[in-house]
Number of protein chains: 2
Amino acid sequence: MKWDTLEEEPCSLARTVAVIGDRWSLLVLRECFLRKRRFEAFQSSLGITRHLLAERLKKLVRFGVLRRIPYQESPKRYEYILTQKGLDLYPIIMSIVHWGNIHMVDSRGRPMLHQHKACGKMFDPVMVCSECGEPLTAKAVHVHPGPGARQTSPAHAMADGAKAKAKTGA
Amino acid sequence: MKWDTLEEEPCSLARTVAVIGDRWSLLVLRECFLRKRRFEAFQSSLGITRHLLAERLKKLVRFGVLRRIPYQESPKRYEYILTQKGLDLYPIIMSIVHWGNIHMVDSRGRPMLHQHKACGKMFDPVMVCSECGEPLTAKAVHVHPGPGARQTSPAHAMADGAKAKAKTGA
DNA sequence: ATTGACAGTTCAAAAATAGAACTTTAGGCC
DNA sequence: GGCCTAAAGTTCTATTTTTGAACTGTCAAT
């Protein structure tokens, strides 16, 4: 399975992994949420190679997660800012940070704390059910195929022709 | 920056990315949450190469996300099941799936639907503040350095000696 | 005796990433 | 004018990962 087949899988997780499932994209997005906007800022705070940073920024722009905005003419210079689609990644980022806070901290404690402006308190994110508001656990959830579920065999087993047809037929 | 320096960064996001931030780990974990447990099951439903699957399973076991349990003797056969640490990844998985549901579906609609056993309804996950219960957005959150924050320069700029010392000194 | 299932391991070829130098446009300093 | 710096890339080679395919070892069934 290649990167591009990943985004065509009939699975919302696989499609999202096509966007953020690599070494760097989530780190770049962390910087975005910390208000970094420029190439040099990303590069120096992450230590990513310039080559790969350029690649990743292009990818995130292509997926509509970042927007490239010129902030000066000649020489043309751009900043990268989160679109709404990008801002919507916030729960993913926060749940990742939270898991790290619980399971990956050393004896010094958390590298970062979060304060909710609305209530003023330091908080942790909690994932709840949109319908009843109760916290969610894996065991309390039933999974059902939805309208976009795959019909037959796994996508990675399909011939190219069949795959193209499956896409067109949407 | 290499994979192993990633998990030593003073950042809960970076450390978690060291565990799940690659092409395959999240897909393998998806299968785990769908009750798959065996090598062949992972391999055939993901289309991952056997070599890399073995690698990834080893990594997830090493990080304590999966446990390797023998289910038969001679020939020794193992299954891989989620530990509590692994089960705690559920909010990450669900927020990733949710983002894909909102931003990456085609006209056919969602590949999967989720039903909350507790209330019986189809739901979406919502991330709320642990203190006041209100939904969270990036703009409503203030970030503060915590006790485990880095003191001086970025980790990727440290010499190896300094880095080793920083770890020992924890 | 042969086949098939399972859980890997091994190896060469292809792709991605790292690391470093180089490019382009412009402003500031002497 | 000549030299330095800054920003945002691009280009190049070397290294590391990943792929794809075949192979191994143990047992059960035919």
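Computed from heavy atoms alone, side chains included, the values below leave out hydrogens, waters and symmetry copies. To find a chain, count down the sequence lines: A is the first, B the second, and so on, and within it residues start at 1. Because the structure is predicted, anything quoted here is derived from the model rather than measured.
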- Message: So, using ring pair (Phe, Tyr, Trp, His ring centres under 6.0 Å) as the criterion, who are the partners of Y90(A) when residues are at least two apart?
- Response: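 Y90(A): ring pair (Phe, Tyr, Trp, His ring centres under 6.0 Å) contacts with F33(A).
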Anything under 3.5 Å between a protein N or O and an N or O of nucleotides 7-10 of chain C, put it in a table, one pair a line.
from   : atom 1 : to     : atom 2 : distance (Å)
dA7(C) : OP1    : Y71(B) : OH     : 2.5
dA7(C) : OP2    : E40(B) : N      : 3.3
dA7(C) : O4'    : R77(B) : NH1    : 3.4
dA7(C) : N7     : E40(B) : OE2    : 3.3
dA7(C) : N7     : R50(B) : NH2    : 2.8
dG8(C) : OP1    : R68(B) : NH2    : 3.2
dG8(C) : OP2    : Y80(B) : OH     : 2.7
dG8(C) : N7     : R50(B) : NE     : 2.8
dG8(C) : N7     : R50(B) : NH2    : 3.0
dG8(C) : O6     : R50(B) : NE     : 3.0

[N] [atom2] sits how many Å from [X] [atom1], rounded?
| X | N | atom1 | atom2 | answer |
| --- | --- | --- | --- | --- |
| L46(A) | dG19(C) | CG | P | 14 Å |
| R37(B) | dC6(C) | CZ | C1' | 17 Å |
| L53(B) | dC6(C) | CG | C1' | 12 Å |
| L6(B) | dT16(D) | CG | P | 18 Å |
| D22(B) | dA16(C) | CG | P | 15 Å |
| E55(A) | dA15(C) | CD | P | 15 Å |
| L27(A) | dA18(C) | CG | P | 11 Å |
| R56(A) | dA18(C) | CZ | P | 8 Å |

- Task: Taking S25(A) for its side chain and I20(A) for its backbone only, find out whether a donor-acceptor pair lies under 3.5 Å.
- Result: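 The answer is no, because no donor-acceptor pair under 3.5 Å joins these two groups.
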- Within the distance-only criterion (no hydrogens, no angle test), does the side chain of K76(A) pair as donor or acceptor with the backbone N or O of P70(A) below 3.5 angstrom?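 No, because the side chain of K76(A) does not come within donor-acceptor range (under 3.5 Å) of the backbone of P70(A).
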- Think S74(B) has a side-chain N or O under 4.0 angstrom from the OP1 or OP2 of dC27(D)?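 Result: yes.
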- Query: Can you find a pair of side-chain heavy atoms, one from L27(B) and one from R30(B), that are under 4.5 Å apart?
  - Reply: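 Heavy-atom side-chain distance check passes, below 4.5 Å.
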- Message: Would you say that M104(B) contacts V19(A) through its side chain, given a criterion of any heavy-atom pair below 4.5 Å between the two side chains?
- Response: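 In short, these two side chains touch, coming nearer than 4.5 Å.
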Going by atom type alone, with no hydrogens or angles, which donor-acceptor pairs under 3.5 Å involve a side-chain atom of residues 91-103 of chain A and a protein atom two or more places apart or on another chain?
from    : atom 1 : to     : atom 2 : distance (Å)
S95(A)  : OG     : P91(A) : O      : 2.8
S95(A)  : OG     : I92(A) : O      : 3.0
S95(A)  : OG     : S95(B) : OG     : 3.1
W99(A)  : NE1    : K85(B) : O      : 3.0
N101(A) : OD1    : S12(B) : OG     : 2.6
H103(A) : NE2    : D88(B) : OD2    : 2.7

- With Y80(B), which residues qualify under side chain to side chain contact (heavy atoms under 4.5 Å, CB included), at least two apart?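 Partners of Y80(B) under the side chain to side chain contact (heavy atoms under 4.5 Å, CB included) test: F42(B), L57(B), V61(B), L66(B), R68(B).
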- Name of the residue among Q43(B), K36(B), R37(B) meeting side-chain contact (heavy atoms from CB on, under 4.5 Å) with E31(B):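 So the option named by the test is K36(B).
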Write out a two-atom table: protein N or O, nucleotide N or O from nucleotides 1-3 of chain D, distance below 3.5 Å.
none

- Can you pull the ring pair (Phe, Tyr, Trp, His ring centres under 6.0 Å) pairs that have at least one residue in residues 105-130 of chain A, sequence neighbours excluded?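 Sorted result for residues 105-130 of chain A: H116(A)-F123(A).
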